[in-house]
Amino acid sequence: VIEGRGWRSGALVEQREIPQWFLKISDYADELLNDLDKLQEWPEAVRTMQRNWIGRSEGVEVDFDLATGGTPLRIYTTRPDTIFGATFMAVAVEHPLALEISRNDPRIAEFCAECRKGGASAAELETAEKTGMPLGVEAINPLSGERIPVYVANFVLMSYGTGAIMSVPAHDERDHAFAVKYGLPIRQVIAPADGSEINVQAQPWTSKQDMVTVNSGAYSGLSFAEAFDRIADGFEAQGRGRRRVNFRLRDWGVSRQRYWGCPIPVIYCDSCGPVPVPEADLPVVLPEDVSVTGGASPLQAMQDWVHVPCPGCGEPARRETDTFDTFFESSWYYARFACPDQDASMLDSRASYWTPVDQYVGGIEHAILHLLYARFFHKLMRDEGLVDSDEPFRRLLTQGMVLADCFYRTDADGGQAWYSPLEVESRRDAQGRISGGVLLSDGQPVNYGGMSKMSKSRNNGIDPQVMIDRYGADTVRLFIMFAAPPEQTLEFSESGVEGAYRFLKRLWKQVHDHVQVGSVDDLNPDGLSVPQQDLRRKAHETLHKAGDDIGRRATFNTAIAAAMELLNAIQKFAAGEAGGRAVVQEALEIIVLILAPITPHVGHALWQALGRPGAVVDQAWPAVDESALARESVELVVQVNGKLRGRISVSASAQRDQVLAAALAEPNVQRFVDGRELRKQIVVPGKLVNLVV
RNA sequence: GCCGAAGUGGCGGAACUGGUAGACGCGCCGGAUUCAAAAUCCGGUUCUGGCAACAGAGUGGGAGUUCGAUUCUCCCCUUCGGCACCA
C-alpha cells in the first residue's frame, strides 16, 4: 500500500516513509539469492534470470567533500581500487544536489527537465547518447586531495546506489564515453599484472582479474582484493565510508487502484492510524454496484462502504479503497490449495505437510516475477510459522509456447488478412515443404507465413476443443506430449494429430484382434521360443525406458516413441509367429499401462478388453522383470580406425579374445585390416570393437 | 552490450555417462486393396556414386583433445529468450 501508480519507484523512499513493520522483498534479497543454489531441480536459465534480477553487488559508499563545503557528496562504487583515476563526479538529474542547483540555474533546470521527459520513452533510451552539464561545483578526492568537477548526467540512475558516482573513464565504459565527449581527462590507475600494454585513451580496461594498481600513491602495486580491502578499511576507520551491498531488486507496491480484486483489510482512523479489520469482520466484501467514471478509483465514491467506525476507538474512519494486485494471490495459492476448507485461519498444518510442491509447471514467462514473489511469500509464511520449508517449489518445469502455421493474403493497399490453418488446405513443394495453401471457403490461394506463436493477430490459434471434438481428448493429449519435449516450443500440426489418432486406432485393433483369439493364459518365462523371448525382452526394455523417461527425465515424447516401437514389434511378431499369446498379452498390457497417464480413456477401455479388473489409472506402475532383459548373444559393431565396417554376433559371455577373433573374421573387416599391422584393439563390452591399423 | 539456451534429413524430433547419427512420427515416392476415392495394409525415403554388394561425405563454420566427438575444449556465425546505462 506504499506506492500509488505512476510513482517513480526511485523517489518512493525519499517521498514516503515506510513503516518499520512493512514486509519488504528487499529484506529477503540475500536469502532469495543464496537459496537459488538449493534449487538444483530448477532449470539453470531460470536461476540465472533470478540471480541477475536480484543483482547483488559488493561495493563501498564514500563521502566526497565539496570544495564549497556543505553536505558531502555520497557515492557508491564497486571499484574503490580505481579511486585515484576519478577525474569527475556525476549525479542523477533527480539527485538533491542537482535539484538544489536547478533552483538558481535555469540552464541546469531545463537540462534536468529535458532528461526526465526523454526517460519516459523507452525506445529512445536504448540509443540515447550520454549527455550532461557541469554543475559548477568541485569535489575533493578523499585519497588524492585532487579537485574534480561535478556533472549532472543522464546516465546516472537515482534508483540505484546513492544516485551519484565517481567517474573513472579509464576503467568504465560509460565514464569513458562521457569523458571523450566532454574532453575530460582519462587517467590509467590499474594495469595488467603480466605487464602487457593497454591504451585507455582509446578504450577503457575494466578487468578485476590479473590486475595491479598503478599511479595510486601508497595504494599502488595491489591486486583488486587487496586494494578494495585496504581502501575500504581506511574509509571505515575515518568514518568517511563503509562497505555496502547493493541490490538491483527493488521494493514494489502491492496495491492497485481498481474496484475489483482482493480487498486490503485495513481501516484508517485519524486517531489510531491504520487498523486491521477484525478477524470476525472478514472477509471484506467489495460493493458490486460501482460506476466507472474514469476518474479516481470507483470504490472511493462508494460513501456507504468507505465510511465505517474505527475498530479501535469507534470514531468515524475510512476503509482502504485500493485492492491487492493479482500477484498477491498467485504468490501463495499453492499453500492454500492444501487446506481449501480451512475457515479459522489462512493455512493449517496440511500446508506444511504438502509443501514444498514436488513438481511445478508453468511457462517460462513466469521465470522472474511470479516465481520470485512466490519464493518471497513462502519465506514470509515460514517466518510466520505457517509453513516449515524455505522454498515453495522443489522441481520446476517450464514448458514452451505453442506455435502454428500461418497463412495470409495481401490486399490491394498492402494490408494482410490472416486465415486460420484449419480453414486452409496446405500445398507442398517437390521437397515436401509447405509452400502455400488454398482457402477452403473460396478455393483461392493463400500465402504461407511460416510457423509462429499462436496469436490473435495472425489468426493461427487452434481451439483444443475443436480438435477434441474431431479426434478425442486422448488423441489430442497424445499428440501434444509426443510432438516435442515439454520445455521446447510445440508446433501444432493437424497431420501430427492424425498420426496420433492412427496410432491409437492401431493399438485398439491390435488389442481386439488379440483378445478374439482366446482367453488369457499364464506366462511361462522358461518355456519361450527365441522370438517370444525377443518380444518379451523388448517389452521390458520399453517399460524400463518409459519409466525413466516419464519419472526422471520428463521427456514424454521419447516414452511415447518407445511405446510405438513396442506396438510395431508386436505387430511383426503377431504376423509371423503362431502362439505366444501370453507374451503378447503382457506386452499389450505394458503399452496400455505406460500410456495410461496420457491416454486414460482409451487405456481404460483396452485394459478391460484385455480382461483385467479395475480402472487402468489405479494400477501400479509395473515392475521390470530383470531376467527378461538378459541376452544369450549380443550384436557388436566392428570399426576399423573408427569407421563402421561390419557387425558380429557373439555370446553375451564371450571373452575379449573371442570377441576380437570374431571381429577379425568378419569378411568386410578383413578387407580393411588385411596385411596391415594391428596397432590397437579396443573392446567396449556389449557395444563395439575398434581395430586401429 | 551482458547473461542464458539452442543450431542434426523435406518437417517435428531421437541419440541420457565420449562408443552403430537420423529412433518414433509427419510428409513424400512406389505397390496392394477399390469401378473410383477415402480409410487400411506392405515397401522405400540424409546426400553423392553404384543394378547391387559397397564406398565417399555428413550433426551451423573453423581449429583441437581422443582409438573414436552431435556429445568435451577454444574461436567464429546465426536464431530464440532474459536484462538493458545497476557504477
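In what follows, chains are A, B, ... by sequence order, proteins preceding strands, each numbered from 1. These values consider heavy atoms only, across backbone and side chains, with no hydrogens, waters or symmetry-generated copies.
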Any base atoms under 4.0 Å from A:Asn246, or only sugar-phosphate, or nothing? Heavy atoms, all strands. nothing
Mind checking if A:Val168 touches a base, just sugar-phosphate, or nothing, with heavy atoms under 4.0 Å? nothing
Nucleotides 3-16 of chain B: protein proximity per nucleotide (B base, S sugar-phosphate only, - neither; heavy atom, under 4.0 Å): SS-----B-BSSSB
For A:Arg174 and B:A84, give me the distance from atom CZ to atom P, rounded to whole Å. 14 Å
In whole Å, what is the span from the NZ atom of A:Lys509 to the C1' atom of B:A39? 12 Å
With a 3.5 Å cut-off and no angle check, do the side chains of A:Gln681 and A:Arg656 form a donor-acceptor pair? no
Are there runs of at least three consecutive Watson-Crick or G-U pairs touching RNA chain B, with each pair's two distances under 3.5 angstrom? Give them by first number. B:1-7 with B:77-83, B:10-12 with B:24-26, B:27-32 with B:40-45, B:46-49 with B:54-57, B:60-64 with B:72-76
What is the glycosidic conformation of B:G9: syn, defined as within 90° of 0, or anti? syn
At under 4.0 Å between heavy atoms, which parts of nucleotides 75-81 of chain B does protein reach? Answer with one letter per nucleotide, 5' to 3': B base, S sugar-phosphate only, - none. -------
With a 4.0 Å cut-off on heavy atoms, is A:Arg56 in touch with a base, just the backbone sugar-phosphate, or nothing at all? nothing
Choosing from B:G25, B:C26, B:A87, which nucleotide comes nearest the side chain of A:Ser495? B:C26
Protein-nucleotides 65-73 of chain B N/O pairs closer than 3.5 Å?
{"unit_1": "B:C67", "atom_1": "OP1", "unit_2": "A:Lys680", "atom_2": "NZ", "d": "3.1"}
{"unit_1": "B:C67", "atom_1": "O2'", "unit_2": "A:Asn690", "atom_2": "ND2", "d": "3.4"}
{"unit_1": "B:C67", "atom_1": "O2", "unit_2": "A:Asn690", "atom_2": "ND2", "d": "2.5"}

Quick one: label A:Arg679 by what it contacts on the DNA or RNA (base, sugar-phosphate, nothing), any heavy atom closer than 4.0 Å. nothing
Which part of the nucleic acid, if any, lies within reach of A:Ile368 when heavy atoms closer than 4.0 Å are counted: base, sugar-phosphate only, or nothing? sugar-phosphate
Is it true that A:Lys538 and A:Glu565 make a salt bridge, defined as a side-chain N closer than 4.0 Å to a carboxylate O? yes
B:C2 versus B:G10 - spacing of their P atoms, nearest Å: 34 Å
For A:Ser493, answer base if it contacts any base atom (sugar-phosphate contacts may also be present), sugar-phosphate if it contacts only those atoms, and nothing otherwise; contact means non-hydrogen atoms under 4.0 Å. nothing
All pairs passing side chain to side chain donor-acceptor pair (under 3.5 Å) where residues 541-558 of chain A contributes a residue, at least two apart: A:Glu541-A:Arg631, A:Lys545-A:Asp549, A:Asp548-A:Arg552, A:Asp549-A:Arg553, A:Asp549-A:Thr558, A:Thr555-A:Thr558
Atom CE of A:Met451 to atom P of B:C26: distance rounded to whole Å? 15 Å
Spacing between A:Met481 atom CE and B:G25 atom P, to the nearest angstrom: 18 Å
Step through it carefully: locate the ring centre of A:Phe482, locate the ring centre of A:Phe556, and say whether they are under 6.0 Å apart. no
Protein-to-nucleotide contact annotation, 5' to 3' order, nucleotides 45-57 of chain B [B base; S sugar-phosphate only; - none; under 4.0 Å, heavy atom]: ---------SSSS
At 4.0 Å (heavy atoms only), tell me whether A:Gly161 reaches a base, stays on the sugar-phosphate, or touches nothing. nothing
A:Arg51 CZ to B:C83 C1', in whole Å, measures 15 Å
Rounded to whole Å, the CD1-P distance (A:Ile648 to B:U20) equals 15 Å
Can a donor-acceptor pair be found between the side chains of A:Tyr182 and A:Thr131 at a distance below 3.5 Å? no
In whole angstroms, how far is the C1' atom of B:U40 from the CD atom of A:Gln571? 12 Å
Take the angle between the ring planes of A:Phe88 and A:Tyr151 and call it parallel below 30°, perpendicular above 60°, tilted in between. perpendicular
